[in-house]
Amino acid sequence: MSNDFELLVQKINEILHQQGELSSNHHSLEPGTSIVGPKSMITFALNHQTCLAYPVESVSGPIAQFISLLITMNEKATDQHSKHESFLLKAINEPYTPGLKAELEILGYSTDLTYLPLLINFDDPEQEWRAIVDDYFAKQFISAITNGTGYYLISLKEFSIDLEDKKAIEELGIGLVEILREEGFDKMTLSFTEPVNTIKDWKSSFGQAETIMRAGQFFHPEERIFFTWNTPLEVMLFNLPKEDRRSFIQYVLGAKENDTFDSEMYRTLKVFLQENLNISETARKLFIHRNTLIYRLEKFTAETGRDIRNGNEAFLVYLALLLEKGLQQSD
Amino acid sequence: MAGIKFNHIKKSYGNNALTVKDFHLDVPDKEFLVLVGPSGCGKSTTLRMIAGLEEISEGELFIGDRMVNDVAPKDRDIAMVFQNYALYPHMNVYDNMAFGLKLRKFSKTEINKRVKEAAKILDIDHLLDRKPKALSGGQRQRVALGRAIVREPQVFLMDEPLSNLDAKLRVQMRTEISKLHKRLETTIVYVTHDQTEAMTMGDRIVVMYDGIVQQVATPQEIYNYPANRFVAGFIGSPAMNFLNGSLIEDNQSLYFKNDSISIQIPEGKAKILRAQNYVGQEVIFGIRPEDIHDELIFLESAPKATFTSTIDVAENMGSELYLYLNTGENNITARVKGRSELKRGQNVKLAFDMNKCHFFDAKSEVAIR
């Protein structure tokens, strides 16, 4: 059987003139399974596009033409796809020129649409995640994939999402992360920026998406998805020189700076600020007793001299802890 | 179907302290295990380690007889359900449920059979043609469960699956997931921060705090015999009352005393405290709000376990009344019968049911038994 496969590959490569990357699932046939007759079609993938072919016994005359046709179709599809990819890469990497808008129209896209930019970074050389993303957004996007990085401009027309509704966009993004996780993918990071309605903004938008991703991963490596509107603080702090970050931490936390990162206090303060310094609400959100929270805050004040029941002090300490979190994870 | 074995599992991120510290537990096949604890306690990280979404820093994890530390998530034969019940927006319910099987190259006949069966179990067979946006929150949650069921996994992993539903629907889905567990007879590991979900759904509960397993037991055991102050305070609503004080021997009886309260301890409990040399030591006294009574029968039968206090707030819940009391040094919450006429500002005499009280070591906060 493996001999048949080698001959098949040889025959296809003759037609292909050795172009493209060829693989097949032929080896997955059970020994003894017939590869002749009406069920003899086997699949092979060319440049990651699935094609169908007959076994070598049948590769002659019309069947050869059929294979040739499939390959041509595959090449055309690949060619069309790569045109779109190179266009997007040009639009997000090179300075804007009016010609880009015309080019977008030639490729069949509307220039009036608003697109949602999404940057995806995956540690998966097989790119199996692509099928999930394609189906999740019903292929309503322009995309470019380079290695593990995917640039997507998603057309939201079909999604009935109000572009001002950030929560709806967050739900859409979080939904994708959950679906990917359900399928066993987790080594990924996604960043969404504000929807763009002109091609002029594509470049800056993806620049922002990259910054958010880097800042997000630096401060919150446990998280998988970031949105521009939720990470302004992280982006600002990420751009500070390392030495400035250290001296700020030293200034705010004093002697406590050298301790292990206090994740409990970080979480406590984050909620405390979110709840407008309300002790009871913070305790409720953290599922701890009110007295435990008071004790925790007082202990911290005693150790640092920072009265975190005061809003200004609490915010300074939160910033210092956020910086410390990032620094300790990057060290 | 398979059980799970955690063999001294640890998890840390970078140079930071351990997020999960020495998780060691056997989960038998078909058990409904609930991991519960406050935000950041390590419960979701533990679930994600089972799923393979987080690497295990130390220790071994078995699903059935197979060690899965290095097995890719998609090869672990598990199915996950998350809180946002994510669905493919453009696919109808049938295709949403079928998609995972299509990715795994199941035959059309098999996919059809599994989707139809799961839809019937979840009572969504009439919704198979609908798109997600035409579904209610509860229906979407069922579809998300359906996506997991069709996989027929060895283990279901559920990460706060009900937390985005409204209160009424949450109660309904709680019952349905419990029924589903009985019907499917599969191991379920369920993560929640909601102690009511933990108490009502789990065969056993794992209470976690700060990356450490505080107690593993049945809901009944956890409630009646909490291992430490954290568990005692976390499980139960309103939470258990805690009073700091000392144990004083007086005329052959043992008393718990602080500046505002003096209570006689029943002989059975006193014996344990004496045997462990707690006399003269500081301890934490714990009592659940429902074990504080305003009825005459309690006040008369245990006159040395009573106290008088002013009612700060009285919340009438219909069948019961929550009294928030100020005893000077400690705030106490009591849950008395709803027919009680007690009101804010009133002085009230109440009695502790001392047979139901708990004592914890003042330093380690471990229950004294």
Side-chain angles (χ1 to χ4, degrees), chain A residues 25 28 43 124 128 131-132 134-140 156 158-161 170-188 220-222 224 259-264 266-268 270-271 283 285-292 324-331, chain B residues 13-17 19 36-41 44-45 48 51-55 72-76 78-91 95-96 99-100 102-105 132-133 144 147-148 151 159 164 193-195 209-211 229-230 233-234 239-240 242 330-331:
Chain A
N25 71 347
S28 68
T43 62
D124 171 30
E128 288 177 359
I132 297 168
D134 283 2
D135 281 303
Y136 188 76
F137 293 117
K139 299 195 174 81
Q140 300 293 311
L156 290 177
E158 307 289 324
F159 286 81
S160 319
I161 286 180
E170 285 174 23
E171 276 173 14
L172 186 73
I174 291 165
L176 176 59
V177 171
E178 289 196 354
I179 291 238
L180 285 161
R181 278 179 168 159
E182 273 180 31
E183 300 301 343
F185 298 100
D186 190 58
K187 289 179 179 162
M188 62 195 165
H220 310 292
E222 71 284 3
R224 295 286 170 270
D259 288 5
T260 314
F261 169 64
D262 190 345
S263 55
E264 189 179 67
Y266 169 74
R267 254 195 329 272
T268 305
K270 195 175 172 183
V271 179
K285 283 266 164 72
L286 291 169
F287 305 100
I288 56 175
H289 195 275
R290 203 174 172 277
N291 292 344
T292 309
E324 198 173 47
K325 183 175 179 239
L327 280 174
Q328 294 217 358
Q329 270 148 179
S330 66
D331 280 348
Chain B
Y13 294 97
N15 298 328
N16 286 331
T19 309
V36 68
S39 166
C41 71
S44 286
T45 307
R48 290 158 50 79
L53 300 176
E54 293 278 4
E55 278 169 23
K74 61 181 164 56
D75 300 326
R76 290 193 181 195
I78 49 110
M80 286 195 82
V81 181
F82 295 94
Q83 60 179 297
N84 290 294
Y85 33 94
L87 302 173
Y88 289 87
H90 288 277
M91 289 183 193
D95 289 334
N96 258 292
F99 191 79
K102 279 183 190 162
L103 276 183
R104 286 167 180 75
K105 307 215 177 348
K133 63 183 171 194
R147 287 167 50 81
R151 294 186 183 186
D159 194 357
N164 275 2
H193 64 263
D194 183 333
Q195 43 132 337
Y209 180 61
D210 199 19
R229 182 190 158 144
F230 175 79
F234 189 77
M240 184 184 281
F242 297 107
N330 299 286
N331 294 317

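Everything numeric here is computed off the predicted structure, so don't read it as measured data. Just so we're on the same page: letters track the sequence lines, and every chain starts at 1. The basis for the numbers below is simple: all heavy atoms, side chains too, and nothing from hydrogens, waters or symmetry mates.
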- Is the backbone N or O of Leu172(A) less than 3.5 Å from a side-chain atom of Tyr136(A), with the two atoms forming a donor-acceptor pair by type? yes

Does any heavy atom of chain B fall under 4.5 Å from the side chain of [X], the backbone, both, or neither of them?
{"X": "Arg267(A)", "answer": "side chain"}
{"X": "Ile132(A)", "answer": "both"}
{"X": "Lys285(A)", "answer": "neither"}

- Message: Can you tell me which portion of Arg104(B) sits under 4.5 Å from chain A's heavy atoms? Options are side chain, backbone, both or neither.
- Response: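 Side chain only.
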
- Item | From CA spacing to verdict: salt bridge (Lys or Arg N to Asp or Glu O under 4.0 Å), Lys139(A), Asp134(A) | CA-CA 5 Å; Lys139(A) 299 195 174 81; Asp134(A) 283 2; 5.2 Å; no

- Name the member of Leu53(B), Asp210(B), Thr19(B) that forms the most heavy-atom pairs with chain A at distances under 4.5 Å.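 Option with the top pair count is Leu53(B).
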
- Query: Which heavy atom of Leu103(B) sits nearest a heavy atom of Ala131(A), and at what distance?
  - Reply: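 Heavy-atom minimum between the residues: CD2-CB, 4.5 Å.
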
Can I get a per-line list of side-chain donor-acceptor pairs under 3.5 Å for residues 82-90 of chain B, giving both atom names and the distance, sequence neighbours left out?
from, atom 1, to, atom 2, distance (Å)
Gln83(B), OE1, Ser163(B), OG, 3.1
Asn84(B), OD1, Asn164(B), ND2, 2.8
Asn84(B), ND2, Glu178(A), OE2, 2.8

- Task: Tell me, with the steps shown, if Arg48(B) and Asp159(B) meet salt bridge (Lys or Arg N to Asp or Glu O under 4.0 Å).
- Result: CA-CA 9 Å; Arg48(B) 290 158 50 79; Asp159(B) 194 357; over 6 Å; no

